[in-house]
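For reference, the structure is listed below as structure tokens.
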Amino acid sequence: MDKNYNFHLIEKKIQKYCKKNKIFFHNNSFLKNDNFCIMVPPPNITGYLHMGHAFQQTIMDTLIRYHRMSGKNTLLQMGTDHAGIATQMVVERYLLMKEGKNKNSYSREEFIKKIFDWKKKSELVMFNQIKRLGHLINWKDVRFTLDSNFSQAVKDVFITLYKDGLIYRRKKLVYWDPKFQTVISDLEVENQIHKNKMWYIKYFFTESHDNNNKKYITVATTRPETLLGDTALAVHPDDKRYTKYIGCFVNVPILNRSIPIISNKSIDISKGTGCMKVTPAHDFNDYDIGQCNKLPMINIFTKDGKILKKLNIFNYKGKKKKIFNDFIPKNLQNLDRFTARKNILFTLKKEGFLSRVISYKINIPYGDRSGVILEPMLTNQWYLSTKILSIEAIKAVKENKIIFIPKQYKNMYLSWMNNIQDWCISRQLLWGHRIPVWYDSFNNIYVGENEESIRKEYSLKKDVPLTQDSDVLDTWFSSSLWTFAGLGWPLDIKKINMFHPTNVLVCGFDIIFFWIARMIMMTMYIIKDKLGNSQIPFKYIYITGLIRDEQGQKMSKSYGNVLDPLDMIDGISLEKLIEKRTKNLINSKQINLVKKNTINKFPKGILTHSADSLRFTFLSIASTSRNINWNMNRLKGYQNFCNKIWHASRFVIKNIDKTVFKKKNISSLLLNQWIYIELNKVIKKYHYFLKLFRFDQLSTLLYKFIWNKFCDQYLEMIKPILQYGSLYEINSVKISLFFILSKILLLVHPVMPFITIYIWSILQKLNKIFHPIIILNTIPQYNKNLKNVYITKFMNWFQKVISILRSIRVDSKVEYTRLLKVYYKNISLYKKIFLQENNVILKKIAYLKCIVEIQSPLNLSSVIMRIIDGVEIFISVDSCFDIKIELQRLDKKILLLEREIHKINYFLLNKKILMNAPSCFILEKKSLLKNNFDILKKINNQKKILLKKILT
């Protein structure tokens, strides 16, 4: 092995090695084995590898490697999502820049081909990024949610749900994106609080209701342009200010439309004037009020957010009816909604309808992709009825057939599912799964795989014109089929028979509603086992926290605080990092702030790190917390950990080279027994933490054992044995070094594959007991017979002795190899037995001339005394020791003890305190006082002995 750990070179070699040995996918020859499958949540093809992807995929790969080494047939199924609106947005922008054309410049087929061409390049970049982290994926079997097989699955599911009466088409209120001109899911709405205004508008009573001694009623609104769609005013039935007006009629300003005043318990009496205008076609609350009161609905906007030339008027069922005049003033027609607002306000003020204006903070819905203000709009859409689907999905989680980890997300899921609304599954886009619905000239609906099958099923002649619905399905509709369609259903069922239900879903809490709930519903309705029972999509849902920057802020391009995982591996200069972070800022005023923060945090840019250290860091932060603050120092620390493993392995390989290995057995050497016992305890906890998905505790366990127990303690203790030990001792240590390092590499491999594969390939050439491919070996298992509490206790104590001897040597500037005479007193029987039985080896480990029990130190001419776990240790002092240093240490110790004794005495002499203190607490203080007096006496005696040594 090279002296230094050149991780970039090693990682490139390992990538080639893994590809050559084809160790990344399931093997059908293991069909009799248990199966373990994780479906990687398919990242959008628009994307790149961000911290969330790298974090979650590292957890998945760790689990897959662990279960593969546990003898299971494993599959980590990779795929990408076509990401309807996101992809269309990115490609439209790309084509505008490259070709100067928009989507309308192409036919539907041409535009889709352009996206597929772009997808190939984008996907390749992302895959190359993911490969850098070493995930156990068969890259020849990657799925795409718009490939031909997946498309067939989507069609089959849609047709089944439609024929079962669960899919329907209806005119309802939805969030509409005027920029993309498509419906937007409620879950894709980003609500932002902004300073706005509230306008108070007078609605005058009609002439027939002018007998109330009041000419008008005032309504407060933040969207005055929507008065064009008003069909009622509403007040709370208990609001005494307005009860007498319920049933009266008022005229809508500007339009002079007569509308009723109705009552509804949802009205907030304290908000505005307590009287609300009702616009059922452009407000969700108003829509509900309209449905309850069977109010007409009036659409006032075009698809791109402009005012119509004529109003679209519908009854409460969504059917077009001539209930009101469809007139719109000419000066408002075809105006942008916000320009129309200004014109309407000008007219209202001019004609005396506007009474006052106040500042007001309001929640405004924005499209998370387009960044524009969304408009509630009345549109015809396809819906999936979810109430029936939710029954089994709720039951599966309640009965713990599906388990959320951490548990608190179970309640979040159930709360949403118990109040679930029908799902709008249609989108007005070109890119996506086109809805398998055709219409004839009379708007009759035909559902089927294609036009040919529809004509055959419905006996339609060729001269009957059919037109396919131009809408596509919501991206989440196809994604909800991921666990079974991603495994090949319905065309290829080999993998689904092996791996479904899958085992674990790893994802963030932000998509519990978007995706997880819908996957459970869809899978349980479509996929049945041999007995016809619903299959769950996965057994466990492991929810990760959200990685934030070091200040706890969400990582976002718009904030300029994003970290690219590949920059952690390859490194990046400060200049390039600033350029990267300021490239996509929404607010250009933030550029200087982002530059300043980046310079402060990364004055020299980001240094290179191994992929293994990044993976280990990800696992170390995988706690139960909902928010995780990223820490670069942690990454740096785990890079040092990788270096520690490298140098320790190099030391072992260097020392065991040319060793003849016999059959493995537990050495009788105390030191070897101890390290095997310690490793065995680690193995037990290792499996336990993985079972609990406590990756943070797993990483701490490995780190502490390898760094502290193996490297700092065991390797240091066996060095004198390798140098001065007997042939038996040396061979015993070498054999243990080989097996202990082998087990360590096997345990670490699921977390850090690159360094372990490389070291394993060298180590196993020395002793071909294990399989040469590390992942094809069995993960170490706990041995319930391998434990000895006395060995553990003794070695913990003896290491303290070694540590103190080392400190004394350093303080006195005595060489670490100089042999010391050590005596002990007041030792327990089991410690005495261990010292006597292992006297020779312990002397070598600690560089001792002798280690002997004495009854009294008075016969010793001069010694340094230490008390370790109640045992008095005496180190013989000769001319090489600087006694003055020890006297200074004793004086400090005496001072501390005297202070402690004074504190305890004060407590025990205070009658008030003693009256209220528990008796056990008082006894504890008395015992501590006696112990401190005993220690003080011994230290003073030692000081006298040392002072005599100086005087003589």
Evaluate Trp382 against Cys424 for side-chain contact (heavy atoms from CB on, under 4.5 Å), listing each step before the verdict. CA-CA 6 Å; Trp382 287 95; Cys424 178; over 6 Å; no
Count the heavy atoms of every other residue, nucleotide or ligand shown that sit under 6.0 Å from CG of Leu124, and state whether that count exceeds 12. yes
Can we say Glu110 and Lys103 salt-bridge, meaning some charged N sits less than 4.0 Å from an Asp/Glu carboxylate O? no
Decide yes or no for Phe618 and Met51: does some side-chain heavy atom of the first lie under 4.5 Å from some side-chain heavy atom of the second? yes
Qualifying residues under salt bridge (Lys or Arg N to Asp or Glu O under 4.0 Å), relative to Asp117, sequence neighbours excluded: Lys113
Between Met417 and Val397, is there a side-chain heavy-atom distance shorter than 4.5 Å? no
Are Asp469 and Ile445 side-chain neighbours, meaning at least one heavy-atom pair lies under 4.5 Å? no
Please round to the nearest 0.5 Å and tell me the distance separating atom CG of Asp304 and atom CD of Glu375. 12.0 Å
Enter the distance from Arg434:CZ to Ile112:CD1 here, rounded to the nearest 0.5 Å. 7.5 Å
Looking only at heavy atoms, what is the nearest atom pair of Arg427 and Ser185, with distance? NH2-CB, 3.4 Å
Below 30° counts as parallel, above 60° as perpendicular, anything between as tilted: where do the rings of Trp515 and Trp476 land? tilted
Relative to each other, are the rings of His282 and Phe301 parallel, tilted or perpendicular (30° and 60° limits)? perpendicular
Ignoring hydrogens, what is the shortest heavy-atom contact between Met519 and Pro537? Give both atom names and the distance. O-CG, 4.0 Å
Within this structure, what is the CG-CZ distance for the pair Asn503 and Phe499, rounded to the nearest 0.5 Å? 9.5 Å
Flag side-chain contact, heavy atom, 4.5 Å: Leu487 against Met39: yes
Residues in salt bridge (Lys or Arg N to Asp or Glu O under 4.0 Å) contact with Asp61, at least two apart in sequence or another chain: Arg65, Arg615
Do Leu75 and Lys495 come within less than 4.5 Å of each other through their side chains, counting heavy atoms only? yes
Please step through side-chain contact (heavy atoms from CB on, under 4.5 Å) for the pair Ile85 and Trp431, ending with a clear verdict. CA-CA 8 Å; Ile85 193 167; Trp431 176 246; over 6 Å; no
Lys601: partners by salt bridge (Lys or Arg N to Asp or Glu O under 4.0 Å), with sequence neighbours left out: Glu550
Parallel, tilted or perpendicular: which fits the ring planes of Phe144 and Phe116, with parallel below 30° and perpendicular above 60°? perpendicular
Phe111 meets the ring pair (Phe, Tyr, Trp, His ring centres under 6.0 Å) criterion, sequence neighbours left out, with none
For Trp118 and Ile45, work out which heavy atoms get closest and say how close. CH2-O, 3.7 Å
Using the test side-chain hydrogen bond (donor to acceptor under 3.5 Å, both in side chains), find all partners of Trp423 that sit at least two apart in sequence or belong to another chain. Asp474
Rounded distance (nearest 0.5 Å) linking atom OG1 of Thr302 with atom CG of Asp336: 9.0 Å
Are Val40 and Gln56 side-chain neighbours, meaning at least one heavy-atom pair lies under 4.5 Å? no
Heavy-atom pair with the smallest gap, counting every atom of Arg626 and Met412: NH1-CE, 3.8 Å
Establish, yes or no, whether a centroid distance under 6.0 Å links the rings of Tyr413 and Phe513. no
Mind checking whether Leu414 and Ile394 have side chains closer than 4.5 Å, heavy atoms only? yes
Distance under 6.0 Å and angle within 45° of the ring axis: does Lys303 meet both against Trp176? no
Please list, chain by chain and in numerical order, all residues satisfying side-chain contact (heavy atoms from CB on, under 4.5 Å) with Gln421, sequence neighbours excluded. none
Going by the rule side-chain hydrogen bond (donor to acceptor under 3.5 Å, both in side chains), which residues pair with Asp510 if we only count those two or more places apart in sequence or in a different chain? none
Run the side chain to side chain donor-acceptor pair (under 3.5 Å) check on Asn191 and Asn363 step by step: do they pass? CA-CA 6 Å; Asn191 286 300; Asn363 250 329; 5.4 Å; no
Mind checking side-chain hydrogen bond (donor to acceptor under 3.5 Å, both in side chains) for Asn629 and listing every partner two or more places apart, or none if nothing turns up? none
Quick one: side-chain contact (heavy atoms from CB on, under 4.5 Å) partners of Ala622, sequence neighbours excluded? Phe55, Ile59, Tyr542, Phe695
Taking the side chain as everything from C-beta on, heavy atoms only, tell me whether Asn561 gets closer than 4.5 Å to Asn597. no
Ignoring hydrogens and geometry, is there a side-chain-to-backbone donor-acceptor pair from His50 to Gly52 under 3.5 Å? yes
Set out, in order, the CA-CA distance, both residues' side-chain angles and the distance that settles ring-ring contact (aromatic ring centres under 6.0 Å, His included) for Tyr366 and His194, then state yes or no. CA-CA 11 Å; Tyr366 283 81; His194 287 275; 5.5 Å; yes
Verify whether the ring centers belonging to Phe284 and Tyr175 lie closer than 6.0 Å. yes
Give me each pair satisfying side-chain hydrogen bond (donor to acceptor under 3.5 Å, both in side chains) with a member in residues 563-573, each pair once, sequence neighbours excluded. Arg132-Asp570, Asp564-Lys580, Asp567-Lys580
Might you point out which heavy atoms bring Ser426 and Val183 nearest each other, and give the distance in Å? O-CG1, 2.8 Å
Please say whether the positively charged group of Arg518, taken as NZ for Lys or CZ for Arg, lies over the ring of Phe477, i.e. under 6.0 angstrom from the six-membered ring centre and within 45 degrees of the axis. no
Taking all non-hydrogen atoms of both residues into account, name the closest pair between Asn44 and Met126 and its distance. O-CE, 3.6 Å
After noting the C-alpha distance and the side-chain angles of Thr87 and His82, does the key distance pass the side chain to side chain donor-acceptor pair (under 3.5 Å) rule? CA-CA 7 Å; Thr87 301; His82 65 277; over 6 Å; no
Show your working on side-chain contact (heavy atoms from CB on, under 4.5 Å) between Gln468 and Ile435 and close with a plain yes or no. CA-CA 8 Å; Gln468 188 175 359; Ile435 293 176; 5.9 Å; no
Would you kindly say whether Gln152 and Asp156 are connected by a side-chain donor-acceptor distance under 3.5 Å? yes
Roughly how far, to the nearest 0.5 Å, is OG1 of Thr145 from CG of Asp81? 4.0 Å
When rounded to the nearest 0.5 angstrom, what distance separates CD1 in Ile621 from CG in Asn631? 9.5 Å
Leu161 vs Met522, side-chain contact (heavy atoms from CB on, under 4.5 Å): CA-CA, chis, key distance, verdict: CA-CA 10 Å; Leu161 291 168; Met522 297 290 262; 3.8 Å; yes
Those residues at least two apart in sequence (or on a different chain) that pass salt bridge (Lys or Arg N to Asp or Glu O under 4.0 Å) with Asp186 are none
Who pairs with Glu99 by side-chain hydrogen bond (donor to acceptor under 3.5 Å, both in side chains), at least two apart in sequence or on another chain? Tyr106, Lys114
